[in-house]
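Every chain is numbered from 1, with letters handed out A, B, ... down the list of sequences.
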Protein chains: 2
Amino acid sequence: MRSLFHPALEDVRPEAILHALSDPTRAAIFARISGAGCVEACTAVSAVGDRVIPKSSLSSHFKVLREAGLIRCERHGVEMRNHSRCAEVEARYPGLLSAIMSAYARTDASAMATP
Amino acid sequence: MRSLFHPALEDVRPEAILHALSDPTRAAIFARISGAGCVEACTAVSAVGDRVIPKSSLSSHFKVLREAGLIRCERHGVEMRNHSRCAEVEARYPGLLSAIMSAYARTDASAMATP
DNA sequence: TTTGATAGTTCCGAAGTCCCGAACTATGGG
DNA sequence: CCCATAGTTCGGGACTTCGGAACTATCAAA
């Protein structure tokens, strides 16, 4: 298997980050990876909320996150380890990721408050 | 002409904001509106960088920004006044817009630094 | 009031993107 | 070697985006 492409930090573009996180599913995946520090497999994130996500869609979501520079993926045996690149991105675009993730957290919370 | 739809602040969603600003053209339009406080016409923003933007595309860019809750548009005679809703959005999603806009400012600056 | 000019919107077809099932590839265990 | 598991690629249908041409709205001048 060819090794996965990861953009260098200086090639990480804001439009790619915004595009990647403008999909709530991907934002939820990224939140989970960032929260856990490291998620041990794509299939560890096989559902978001109640919605089951097909393998092929999951794979392309991870690819979008990776190519946007948001995560780093390494194969470990048969599975993938996905690390957030939060700290790096924070160095380049201060406050960006935390503002985005807390914006989502805020609406998720208000969605729960109105059942 | 029917009056234009603007979402209430509590209906403004992060994914819509990120999607609207994930297009560099729209982000540039929004930056100009925010900077000026008020841009007096769509045609006042008829080009971004060297690229001329067709009227129909401009119109739909403004529509996306408006429906995302980022700008407020009012007809004044034959033209439109476009105001940024920055302050409102800042109240709901603190730090979001400033982080996004300074992320773009940072890459625009480095793009100019490497000709 | 009619005519004209200017500012935006709508329509629609071509091009592009996204979604997901099915088939495929890669890795490790027995 | 074969199987199971984890993930990727392919392909077609649905959806989105772009931009030219035609349309509508508003105001001003004759």
Whole-Å distance between [N] [atom2] and [X] [atom1]?
X: A/Arg81; N: D/dG7; atom1: CZ; atom2: P; value: 11 Å
X: B/Glu79; N: C/dA5; atom1: CD; atom2: C1'; value: 14 Å
X: A/Leu58; N: C/dA22; atom1: CG; atom2: P; value: 17 Å
X: B/Glu67; N: D/dT16; atom1: CD; atom2: P; value: 12 Å
X: A/Lys63; N: C/dT17; atom1: NZ; atom2: P; value: 12 Å
X: B/Met80; N: C/dT9; atom1: CE; atom2: C1'; value: 9 Å
X: A/Arg75; N: C/dA26; atom1: CZ; atom2: P; value: 9 Å
X: A/Arg66; N: D/dT8; atom1: CZ; atom2: P; value: 7 Å

Rounded to the nearest 0.5 Å, what's the gap from [atom1] on [X] to [atom2] on [Y]? Could you check?
X: A/Leu58; Y: A/Lys63; atom1: CG; atom2: NZ; value: 14.5 Å
X: A/Ile33; Y: A/Arg26; atom1: CD1; atom2: CZ; value: 12.5 Å
X: A/Arg13; Y: B/Tyr104; atom1: CZ; atom2: OH; value: 8.5 Å

When you check the phosphate oxygens OP1 and OP2 of D/dG19, does a side-chain N or O of B/Ser57 lie under 4.0 Å from one of them?
->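 It does, given that an N or O in the side chain of B/Ser57 lies less than 4.0 Å from OP1 or OP2 of D/dG19.
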
Kindly say if B/His19 contacts the phosphate of D/dT17, meaning a side-chain N or O under 4.0 Å from OP1 or OP2.
->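 For D/dT17, OP1/OP2 do have a side-chain N/O of B/His19 under 4.0 Å.
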
Please tell me which of A/Val78 and A/Lys55 maps to the more 5' nucleotide of DNA chain C, matching each residue to the nucleotide holding its nearest heavy atom.
->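 Its nearest nucleotide being more 5', the pick is A/Lys55.
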
Are A/His61 and A/Val45 close enough that some pair of their side-chain heavy atoms sits under 4.5 Å apart?
->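 In short, these two side chains do not touch, never coming nearer than 4.5 Å.
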
Base of D/dG7 paired with side chain of A/Ser59 (donor-acceptor, under 3.5 Å) =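 No.
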
Out of A/Arg85, A/Glu74, A/Glu67, which one pairs with A/His6 under the side-chain contact (heavy atoms from CB on, under 4.5 Å) rule?
->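 Output: one option passes, namely A/Arg85.
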
So which nucleotide from D/dG20, C/dC19, C/dA22 ends up closest to the side chain of A/Ser56?
->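 Nucleotide nearest to A/Ser56's side chain: C/dA22.
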
For A/Asp23, which contact category applies under a 4.0 Å heavy-atom criterion: base, sugar-phosphate, or nothing?
->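 Contact class for A/Asp23: sugar-phosphate only.
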
